[in-house]
Amino acid sequence: MFRLATAIGVVVVLAALPLYLESFWLQTALFAMAAMVAAIGLSLLVGIAGQLSLAHAFFVAIGAYGYSYLAERIAPLLALVAAVLLAGLAGALFSPISGRVRGIYLGLASLGLVFLGQHILQNATGITGGYSGIAVPPFSLFGFSFSSTSPDSLVILGVPFGALERLWYLGVVLVAVAIWYGRNLVRSRPGRALATLRDSEVAAEVMGVDVVRYKAAAFCVSSMYAGLGGVLMALAFGRIVPESFGLLLSIDFLVMIVIGGAGSVGGAAAGALFVTALPLVLNHYSGSLPLLAEPGTGGVGAAEFSRFVYGAAIVAVLLFARDGLAGLARRIRKEKIA
Amino acid sequence: MRLIASVAVVLALAVAACGKGGAEEETGGGSETAIKTGPGATADTITLGYLPDLSGVFAPNGKSQMEGANLYWDAKNKAGGICGRQIEVKVQDTGYDPQKAVTAYRQLSTDVIGLGLVLGSSIVSALLPSVEQDGMFLNFAGWTSDILPAENVAIAGTTYDIEAINAVDFLMKEHGVKAGDTVGHLYFEGDYGENALKGSKFAADKHQLKIAEQKITPADQDMTGQVSALKKAGVKAILFSAAPPQAASLAGVAASQKLDVPIVANGPGWTPQLLTTPAADALIANYYVVSSMAPLTVQSEGVQKFLSEYETAHPDGTPSSNGSLYAYAGAQIADAALTKACENKDLTRKGVLDALHSLNALDTGGTVAGPLDFTDPSKPPGSQVYIAKVSKEAPGGLEAIGEPANATDAEGYSF
Amino acid sequence: MNQFVTLVVGGLFLGSIYSLVALGFVTVFKATQVINFAQGSVLLLGAYVIARAHDSIGFWPAVVLGVLAAAVAAVLIDAVFIRRVRDADLGTLAILTLGIDILLLTELTRRIGTDVLNIGAPWGSDVVEALGIRIPASRVIAGGVAMVLVAGFWAAFKFTDWGIAMRSAAEDGETASLMGIRLNRVAAAAWALAGALAAIGGLFLTSFPAAGVTGGVGLVALAAIPAVVLGGFDSPAGAVVGGLIIGVVSVLTAGYQQELSFLGRGLGGVAPYVVMLLVLLVRPSGLFGTREITRV
């Protein structure tokens with residue numbers, strides 16, 4: 001009873017938030033939601049399947065650019081699905097490398113993929129627009145566009161609903177689906193097979209787990225998540241450029257799941273929220289926070305401070321709370337019950 | 001029962017409390033003057049948004065730019081402001097990160113009449129859809145023609161492709177480059193370098209020159225391979241559209257490989273600090289800069305006024321053409337647009353934009369080369385450039401050669 | 001032909017600098033099983049200290065200071081952070097060093113900004129000419145220094161007590177410590193060496209023909225990673241060979257950009273990684289790394 005009430009409460013709050021949040025918060029939230037979806041995928045790959053990958057930004061880029069390119073030519077909903085599938089296909093194609101190359105070498109090999117991706121994005125100007133990027137066609141569903149047009153002026157309870165407000169709902173739905181699917185996957189038989197794979201490939205093989213197929217599946221699913229996150233990111237931006245999908249983004253995702261706790265779906269979401277929102281929020285309040293210099297003066301400003309917090313958070317989590325926020329939450333819950 | 005009650009309470013709260021509401025456009029409260037005002041303009045203040053990079057890769061540039069902007073507006077406010085209103089500057093750091101820039105824009109977009117400065121074309125690209133929707137003007141701290149046509153964007157001068165055409169013209173007139181020769185072009189990946197390349201290719205076509213292209217990224221700090229390729233191609237001159245570190249490496253390696261040819265760079269390719277690097281002698285011998293922004297030695301009214309004001313306000317600081325001088329010029333442009341809008345009695349965002357587009361011969365007193373014409377959004381407002389040589393004694397390290405001019409070639413160029 | 005030879009020779013000399021940095025990576029990995037992503041920022045730290053100090057105390061004292069600063073920073077990273085979680089898995093430790101790298105880089109790039117700081121080397125832009133090829137003096141000196149250091153390393157690893165201690169600690173830490181080898185001391189020494197190597201590498205990476213210490217130098221150190229990977233993480237010989245290969249590949253792709261333009265432009269950045277990927281596909285543990293063999 002209580003859980004149902006909280007669930008309904010959460011739904012109502014989420015539905016009502018765009019009525020109150022200023023565009024800054026909505027924009028930040030959209031970026032965070034895109035990151036959450038992608039981070040869950042990486043968490044599944046690294047935490048459950050035990051495959052270290054630094055190439056996540058590459059698959060996010062496929063989703064983002066795939067959607068932007070296709071939505072010009074086919075219906076946005078189809079473009080979204082196609083972009084996600086495309087990213088998944090790319091992931092499946094990369095997975096044989098994980099059969100050959102193991103552990104940290106795999107992580108570093110995947111690093112190569114990010115640089116390769118950057119090279120392609122910059123040079124394949126016909127499709128990607130090169131360095132100047134491409135505009136992202138707005139998403140629409142059965143004639144309802146998630147932008148400020150069609151309908152041109154949507155006003156709910158006195159609040160004009162433009163692109164940001166409408167995209168909020170799309171984002172919430174996608175994040176909810178991502179979390180739900182991820183949680184189910186972890187608890188299912190394939191999820192357990194993947195966990196066995198992570199702990200010992202030899203043991204898994206002995207127990208009859210088809211290692212090659214499962215690795216391919218893990219990469220495929222994780223990349224599909226990345227692709228979906230990429231689509232959401234593209235919609236949140238409105239225009240995408242290659243630099244947004246480089247090494248820094250891949251590192252960001254790794255950091256998100258480290259802070260959240262690898263292998264945990266909820267943790268990945270929390271980590272994503274933290275990493276994405278922190279610099280944006282600090283920048284927002286940089287005028288009013290003491291100790292931080294105003295933009296334009298010397299000294300440590302909001303941006304440097306958020307980088308410091310970012311680096312310090314990684315270090316702190318790895319030193320003191322190795323299983324991240326999820327691990328912390330688990331421990332607190334255990335103590336409550338005890 | 002409890003469940004239904006709690007749900008009902010939450011729903012009631014949601015409906016009862018008013019949402020954030022939409023933004024309204026007020027029509028001027030002034031009594032004697034029936035001036036229409038919109039967001040960013042009240043009865044006694046006009047607010048301009050500034051989106052420099054203050055913490056990322058261009059932070060020193062950003063800080064210098066804010067110095068220039070504040071210099072101009074402080075003086076203007078002391079002299080009475082515009083339209084009887086004081087100018088307020090709202091700054092948000094973009095960190096040269098599109099995500100941050102988009103959210104930073106959201107923070108100030110409802111309060112400002114226009115953007116006095118936005119640095120970085122990836123930033124401008126990310127913001128342009130929203131800026132166009134909000135209908136305000138944007139001073140672009142960059143000189144690429146790739147974003148044109150753009151109704152809302154104001155560039156302080158002409159663009160990199162025109163600069164490159166002028167550079168080729170200069171090389172042919174003054175440095176003996178003739179038809180059939182090969183000219184090297186070392187350029188950054190991205191809209192800066194590749195825009196310049198468009199111009200150089202155009203000029204090369206016109207004069208039967210060959211261009212030996214070398215694309216690089218900011219991570220490339222050692223130009224050995226590139227110089228070797230250029231030498232093999234037998235270049236008689238090199239065009240340069242990248243950043244100072246690469247400039248020093250290029251000049252130094254070229255000298256060491258006995259490739260003694262003139263190097264002509266776009267504006268962003270210079271900083272006075274290069275005179276402290278091992279390549280200083282090579283730069284002094286062979287390096288030139290083509291730019292819309294005036295070198296600080298120019299004896300024009302605008303530049304000298306800027307210099308004296310700067311020295312008073314920042315006795316220990318260093319003025320820079322692409323930093324403080326640029327922002328000062330940007331402020332001049334914004335000032336002209338706002339003043340005209342005031343004369344038209346329309347201080348809405350659209351009014352300011354229309355006023356901007358009505359300026360067809362804005363004279364910045366020489367801070368920007370030549371008069372600026374904002375009437376055609378598909379062309380850069382400027383058409384002239386300064387050409388400067390590296391000089392140890394000159395402030396800013398650059399000494400202007402001759403008067404600002406434009407190559408006749410550029411007239412046939414289409415954007 | 002002359003261009004090719006010039007490029008290869010230039011690439012070898014550049015590669016020798018990468019070898020130094022890569023050797024630092026490998027030393028730390030062999031001794032403490034940590035992939036030290038913080039090597040890049042330590043490199044920048046060393047170079048930065050030299051660049052700032054040489055005006056007031058002279059070039060050679062500044063170099064000593066820079067090398068010391070980098071070595072101390074590296075040891076501190078080990079002592080303060082890594083030591084606490086020695087038993088953690090490879091990935092965790094790597095990400096930890098990544099976090100430290102971010103911290104250090106943020107502070108350093110904040111201080112450097114868009115500056116171009118002269119490293120103050122006395123050999124400036126001098127050029128050495130031999131057999132019709134012109135090579136910057138700084139590169140020749142770098143090559144010489146690298147050779148001496150690598151030879152010194154090899155000798156130290158093989159013949160000194162410390163070298164033997166390091167190798168046994170790497171092979172079997174428990175037994176080594178039972179035999180009286182102070183693991184913490186071995187680790188500290190390894191990190192200090194890595195820091196020193198990084199600083200020396202940084203000194204040469206920011207000398208002519210580079211412009212000086214800029215914000216972009218931290219990224220240049222990233223180029224050493226393909227070198228380490230393709231050589232094999234636990235092989236000093238691999239580090240040297242890997243560094244040389246990467247150096248030659250970068251210079252050749254830059255020099256032949258016109259001929260290779262069908263592959264897109266700006267290949268210099270991505271070529272080392274492609275080469276790394278190709279090598280890994282053929283030899284999954286790098287050229288000289290120890291192979292893990294599991295067959296089911």
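By convention in this document, chain letters (A, B, ...) are assigned in the order of the sequence lines, proteins followed by strands, and residues within each chain are numbered from 1.
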Residue selection (most heavy-atom pairs with chain C, distance under 4.5 Å) from [options]:
{"options": "B/Thr217, B/Val227, B/Val253", "result": "B/Val253"}
{"options": "B/Gln214, B/Met223, B/Gln226, B/Glu189", "result": "B/Gln214"}
{"options": "B/Ser228, B/Ala233, B/Gly252", "result": "B/Ser228"}
{"options": "B/Ala282, B/Ala212, B/Ser256", "result": "B/Ser256"}

If I compare all heavy atoms of [X] with all of [Y], which pair ends up nearest, and what's the gap?
{"X": "C/Asp115", "Y": "B/Gln273", "answer": "CA-OE1, 3.0 Å"}
{"X": "C/Gly124", "Y": "B/Pro278", "answer": "C-CB, 4.2 Å"}
{"X": "C/Leu7", "Y": "B/Gly225", "answer": "CD2-CA, 3.8 Å"}
{"X": "B/Pro244", "Y": "C/Val116", "answer": "CB-CG2, 4.4 Å"}
{"X": "B/Ala229", "Y": "C/Gly255", "answer": "CB-O, 3.0 Å"}

To the nearest 0.5 Å, what is the distance between [atom1] ([X]) and [atom2] ([Y])?
{"X": "B/Gln257", "Y": "C/Thr6", "atom1": "CD", "atom2": "OG1", "result": "6.5 Å"}
{"X": "C/Gln257", "Y": "B/Leu186", "atom1": "CD", "atom2": "CG", "result": "8.5 Å"}
{"X": "B/Lys215", "Y": "C/Ser261", "atom1": "NZ", "atom2": "OG", "result": "11.0 Å"}

B/Lys232 backbone acceptor or donor facing C/Gln3 side chain under 3.5 Å:
no
Hey, does the side chain of B/Thr277 reach the backbone of C/Asn118 with a donor-acceptor pair shorter than 3.5 angstrom?
no
Begin with the C-alpha distance, continue with both residues' side-chain angles, and end with the deciding distance and a verdict on salt bridge (Lys or Arg N to Asp or Glu O under 4.0 Å) for C/Glu129 and B/Lys258.
CA-CA 11 Å; C/Glu129 181 148 14; B/Lys258 295 251 189 289; 6.0 Å; no
Interchain contact, [X] with chain C, by part (heavy-atom threshold 4.5 Å):
{"X": "B/Pro218", "value": "neither"}
{"X": "B/Phe188", "value": "neither"}
{"X": "B/Thr276", "value": "both"}

Residue selection (most heavy-atom pairs with chain B, distance under 4.5 Å) from C/Ala210, C/Ser125, C/Pro136
C/Ala210
Chain B: which of C/Gly10, C/Ser207, C/Ala211, C/Pro209 shares the most heavy-atom pairs with it under 4.5 Å?
C/Pro209
Please tell me if the side chains of C/Val217 and B/Gln221 come closer than 4.5 Å, counting only heavy atoms from C-beta onward.
yes
Given side chains that start at C-beta, do those of C/Leu14 and B/Asp222 come closer than 4.5 Å, heavy atoms only?
yes
